[in-house]
Novice: 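Sending over a structure as structure tokens; questions will come in a sec.
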Amino acid sequence: MNTNYIGKGTSRVDGREKVTGQAKYAAEFTAEGMTHAFVVSSRIAKGKIKSIDASAALELEGVLDVFTHKNRPKLAWYDKSYQDEDSPPGSPFRPLYDSEIQFSMQPIALVVAETFELARYGASLVQVEYEEESHTTNLKANREKAYNPKKYKSGEPPKSRGNMEEAFAGAAAKVDQEYFHTSEHHNPMEMHASTVVWEDDGTMTIYDKTQSVKNSQNYIKKIFDLSTKDARVISPFVGGAFGSGLRPQYQLFLAVMAALALERSVKLVLTRQQMFSFGHRPATIQHLQLGASKDGNLLAAKHEAFAETSRFEDYAENVVVWQNTLYKCDNVAFDYKLVGLDVYTPLDMRAPGGVTGMYALESAMDELAVAAGIDPVELRLKNYTEKDQNEDAPFTSKELKECYRQAAEKFGWEKRNPEPRSMRDGHKLVGWGMASAAWEATQQEASAKAQLTADGKLIVSSATADIGTGTYTVMTQLAAETLGLPLEDVTFKLGDSTLPYAPLEGGSWTVSSVGSAVKKVCDAIGERLLKFSRKLPGSPFALAGLEEVKFENGMMKLKSDPSKGFYIKDIMQQRELDVIEEEVTSKPASEQKNYAPYAHAAVFVEVKVDEDFGTITVSRVVSGVAAGRVINTKTSRSQILGGIVWGIGMALEEESFMDNTFGRFMNHNLAEYHVPVNADVHDIEVIFVEEHDEIVNPIGAKGLGEIGIVGVAAAIANAVYHATGKRVRDLPITLDKVM
Amino acid sequence: MNQFEYTRPTKQKAALEQKAKSPATKFIAGGTNLIDLMKHGVENPQKLVDINRLPLHKIEQTKTGLRIGALVANSTVAEDKQVLEKFPLLSQALVSGASAQLRHMATVGGNIMQRTRCYYFYDTALPCNKREPGSGCGALEGINRIHAIFGFSDKCIAVHPSDMCVALAALDAKVLVTGPNGDRSISFLDFHRLPGDQPEKDTNLGPDELILAVDIPASPFTKNVHYLKVRERASYAFALVSVAAALDIENNTIRNARLAMGGVAHKPWRLLGAEKALIGKQVSEEVFQQAAAVAMQGAKAFEHNEYKLKLAPNSIVQALKNAAGMA
């Protein structure tokens with residue numbers, strides 16, 4: 001297909017605003033008479049508040065109020081009122097609801113004052129007495145208490161097939177190992193913040209850090225019994241979220257509560273420490289058993305997981321489903337259990353379940369390759385599946401074989417000596433490892449609106465978000481492409497609850513879902529233009545259908561004779577139209593149900609290990625990605641790069657230290673919670689493998705937000721084994737585990 | 001807000017007088033650590049005396065060596081020609097610390113006075129004898145991965161976070177301070193304290209004293225030096241273990257040696273015994289290993305920092321090899 005914008009490396013349309021500081025984030029909005037709030041966090045992990053004394057704070061001039069469970073306004077009673085679009089089954093946390101403490105750093109009071117400094121100081125004066133109860137925060141020590149939740153929102157273990165035990169017993173090559181990773185926190189650069197502007201008419205305009213303004217709006221509507229008009233939620237820019245904004249966080253609840261009670265504007269920004277007080281990637285123990293024939297055919301596979309959740313919600317994710325997606329095997333068994341701990345409910349974090357499950361599965365596959373004496377890539381090709389065994393459905397498309405081939409070639413995999421410790425660079429051991437990756441490529445229902453004005457300018461909008469992913473840019477490209485308009489004549493609007501419905505900005509489905517709606521609404525505008533043009537004097541379109549015309553360079557043209565056509569502006573002007581407006585809803589085609597939609601990747605990694613110190617450098621990464629049509633080569637590459645960098649962090653650095661005595665995460669700042677710095681990131685190459693997919697969605701794009709991170713941790717762990725001969729089955733692979 | 005007064009005297013005398021008035025007064029220079037601690041509620045000074053206008057910004061040659069003013073920025077010291085020429089070890093240590101932005105702000109005096117990175121010290125909801133004497137030590141039975149293996153007490157197992165100080169300890173620097181009774185010079189090894197029963201006291205600097213400068217005596221350690229820092233990422237991370245190694249080698253014989261470690265104790269940890277084990281010996285890996293073994297005598301680990309018992313001697317050997325040009 002010849003395109004003007006799709007598949008090109010268009011720079012971000014919001015790039016200039018961002019780098020010049022003009023893009024405004026939730027905490028940067030202000031209004032006259034703005035008050036500032038600060039959260040008091042619980043010291044203990046479990047128990048009750050015996051007493052809470054805010055008198056010293058209230059005596060300060062400029063402190064307006066201190067909200068606690070004792071004096072909070074009346075709130076909704078039903079659990080359902082506190083649920084949001086991303087709630088797992090259970091009973092959602094209710095801030096300031098009663099005296100019960102359910103997790104460390106639980107918000108227990110909110111100080112509202114005329115300035116931020118005063119609110120913060122006031123918070124330090126609030127005296128709390130607790131009735132402590134013993135807590136449990138250690139996953140490994142409480143594994144025997146694991147249970148299967150009554151209801152899985154996701155992550156339900158697939159059905160067993162065949163006879164795994166028997167097949168495993170008879171296998172020639174076997175792996176039977178456990179893998180573990182700790183809790184990790186999202187830690188976007190921008191802290192969670194809500195700025196509630198109290199308008200003269202008693203309504204609220206709420207600037208919130210969120211991955212869905214509709215989700216935030218519905219949440220507070222239900223809790224505070226508000227109408228849609230009472231609370232407009234706006235979120236034009238988000239400074240990273242990675243899933244932390246999929247659920248409304250407690251700063252939104254508290255800021256709105258205070259604004260309603262005081263009838264004042266309220267701003268509440270969480271501290272970096274408080275960013276460790278809510279959802280996180282759950283610590284997970286995984287047990288893998290793989291058995292293969294002598295020549296590497298997979299005979300048996302078992303994948304079971306034990307993951308932490310809170311006492312009040314059953315958070316589960318797709319950890320044990322990937323064997324069925326990646327490798328053909330007839331004797332399989334799966335289980336996924338939860339362990340309730342006195343922590344906040346875990347929360348989707350970039351490729352939730354996928355990075356966890358495929359870290360273990362792809363590590364075990366590497367171990368199987370060693371056990372069977374087969375090259376890791378060859379083992380994967382041997383067991384390649386053309387069907388997703390979860391649903392027994394063919395893939396909408398799957399170019400994973402090409403991913404292996406192209407990435408391996410670029411990496412130079414054929415020169416690999418399979419022997420561990422066989423490669424050196426001076427004093428350092430060199431290791432090469434690889435892993436496969438898959439991620440869901442679903443389409444959700446989404447709506448979009450378009451307005452074409454007489455000057456030929458187009459505004460398209462949907463209540464989605466751009467969390468740094470490139471949504472503004474990609475939607476602008478899709479609209480400009482569909483109606484043949486110059487990019488600068490197209491504006492895409494998002495992050496406003498008055499706009500048409502969009503699903504949560506997550507799941508790698510924004511391009512497929514919102515993009516499909518954008519395309520559809522632009523097609524609808526095109527159809528209107530066609531109708532209007534038919535009656536124009538000398539119209540070449542009198543008998544033409546939409547499929548017979550094309551839009552290019554601001555014109556509508558006849559495909560069969562592109563020299564014939566009208567400028568869009570002329571159509572508008574000649575028909576005396578001020579504006580053409582359309583709003584559509586796009587739903588996944590029913591045909592999709594018969595197929596399994598997945599993006600795939602193959603990641604190849606080189607590490608250099610200094611054994612004296614146990615330090616690891618990821619010197620080279622090549623990732624081959626097959627994710628359907630690439631809309632924007634530049635933002636797409638950025639997505640994959642970001643995923644790979646985070647994969648390096650997951651493999652080597654990221655770890656939230658839980659002190660089980662206090663039931664509290666201890667390294668709650670960015671100096672001690674390590675994510676990669678520039679100096680940790682070396683040569684990274686991203687290859688987009690060509691993949692045509694007419695089924696997955698009308699755009700043919702699979703989404704790239706998550707696939708980039710998925711295989712990285714396993715590939716690095718496998719490379720570390722190849723370098724050192726030491727198999728570390730516990731992430732992050734810090735130096736103490738390697739030395 | 002947490003009200004505090006702020007003054008910016010131009011005279012040393014005025015600064016000292018203002019400090020002497022109340023123990024809740026703090027000097028502030030670059031503020032890269034103090035401001036952070038104030039935001040976290042760890043430090044709550046009632047008054048800040050900004051000393052940036054005092055004339056302590058010079059690096060000057062003295063009869064005995066080099067004098068570096070307390071207010072010289074870390075980055076300035078690291079790039080100073082005389083420092084690079086005469087004390088390259090100090091420059092190496094400085095550039096391995098923090099980030100470029102922080103090094104521009106942080107001063108020499110402030111670096112010496114910076115406080116530990118212990119998680120429990122930073123979290124005001126939890127016990128910490130250093131922050132709140134008598135409240136207990138959370139790290140003792142808690143997350144103690146980054147903690148001490150030497151010189152700790154049952155009251156505190158925190159480590160000093162500075163890189164610069166490790167080099168200064170190795171180079172036999174002295175800290176020139178002044179107070180109501182005039183100037184005095186404190187040997188670098190006596191400047192910082194071990195925690196003992198008073199972990200709240202990081203240093204032996206009097207509450208009414210001010211750091212004026214650091215004096216580094218001229219030394220032969222201009223060539224065979226190495227500052228090695230092991231950390232969990234390639235930049236912007238505190239040392240798990242660091243080693244400042246300086247050798248004076250002639251005809252493959254070690255005439256003199258200096259060795260200090262960071263990340264292992266409540267103060268920069270000078271390795272005098274290991275130095276003795278090196279002096280007079282021929283340069284060899286075996287000799288370095290013997291010195292490392294001496295250095296590690298008396299080391300003891302906690303639940304999460306046992307790796308330091310291996311990492312520390314490995315680091316000593318590697319730092320010495322690098323210093324000797326063997327790497």
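Chain naming here is simple, since letters A, B, ... match the order of the sequence lines and numbering starts at 1 in each. Only a predicted model underlies this, so the values are computations on that prediction, with no experimental measurement involved.
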Novice: So what's closer than 4.5 Å to chain B heavy atoms on A:Val675: side chain, backbone, both or neither?
Specialist: both

Novice: Which residue out of B:Ala237, B:Ser315, B:Ser99, B:Pro313 racks up the most heavy-atom pairs below 4.5 Å with chain A?
Specialist: B:Ser315

Novice: Identify the two heavy atoms, one from A:Glu653 and one from A:Pro732, that lie closest to each other, and give their separation to 0.1 Å.
Specialist: N-CB, 3.5 Å

Novice: Heavy-atom pairs under 4.5 Å with chain B are the metric here; pick the option from A:Arg664, A:His668, A:Met105, A:Lys737 that has the most.
Specialist: A:Arg664

Novice: Quick one: what part of B:Glu306 sits under 4.5 Å from any heavy atom of chain A, side chain, backbone, both or neither?
Specialist: neither

Novice: Which atoms of B:Leu126 are under 4.5 Å from chain A, going by heavy atoms: the side chain, the backbone, both sets, or neither?
Specialist: side chain

Novice: To the nearest 0.5 Å, what is the distance between CG on B:Leu311 and CG on A:Asp736?
Specialist: 9.0 Å

Novice: Give a yes-or-no answer on whether the side chains of B:Ser242 and B:Tyr227 include a donor-acceptor pair shorter than 3.5 Å.
Specialist: yes

Novice: So for A:Asn669, is it side chain, backbone, both, or neither that comes closer than 4.5 Å to the heavy atoms of chain B?
Specialist: side chain

Novice: Can you tell me if A:Arg272 uses its side chain to pair, donor with acceptor, with the backbone of A:Met189 under 3.5 Å?
Specialist: yes

Novice: Which value, rounded to the nearest 0.5 Å, describes the distance between B:Phe238 atom CZ and A:His674 atom NE2?
Specialist: 8.5 Å

Novice: Could you check whether any side-chain N or O of B:Asp36 sits under 3.5 Å from a backbone N or O of B:Asn33, counting only pairs where one atom can act as donor and the other as acceptor?
Specialist: no

Novice: For A:Ser124, is it the side chain, the backbone, both or neither that has a heavy atom under 4.5 Å from a heavy atom of chain B?
Specialist: neither

Novice: Just give me the residue among B:Leu240, B:Val230, B:Thr124 that pairs up with chain A most often, heavy atom to heavy atom, under 4.5 Å.
Specialist: B:Val230

Novice: B:Leu309 versus chain A, heavy atoms under 4.5 Å apart: side chain, backbone, both or neither?
Specialist: neither

Novice: CD1/A:Ile616 to CG/A:Asp610 distance, rounded to the nearest 0.5 angstrom?
Specialist: 10.5 Å

Novice: Is there a donor in the side chain of A:Asn187 and an acceptor in the side chain of A:Tyr673, or the other way round, less than 3.5 Å apart?
Specialist: no

Novice: So which residue, B:Tyr307, B:Tyr120, B:Tyr236, ends up with the most heavy-atom pairs under 4.5 Å with chain A?
Specialist: B:Tyr120

Novice: By a 4.5 Å heavy-atom criterion (distance strictly below it), what part of A:Phe613 contacts chain B: side chain, backbone, both, or neither?
Specialist: both

Novice: Quick one: does NZ or CZ of A:Lys48 land under 6.0 Å from the six-membered ring centre of A:Tyr130, within 45 degrees of the ring axis?
Specialist: no

Novice: At a heavy-atom separation under 4.5 Å, does A:Ile648 approach chain B through its side chain, its backbone, both, or neither?
Specialist: neither

Novice: Considering only heavy atoms, which portion of B:Lys308 lies under 4.5 Å from any heavy atom of chain A: side chain, backbone, both, or neither?
Specialist: neither

Novice: Checking B:Arg145 against chain A: side chain, backbone, both or neither under 4.5 Å from a heavy atom?
Specialist: side chain

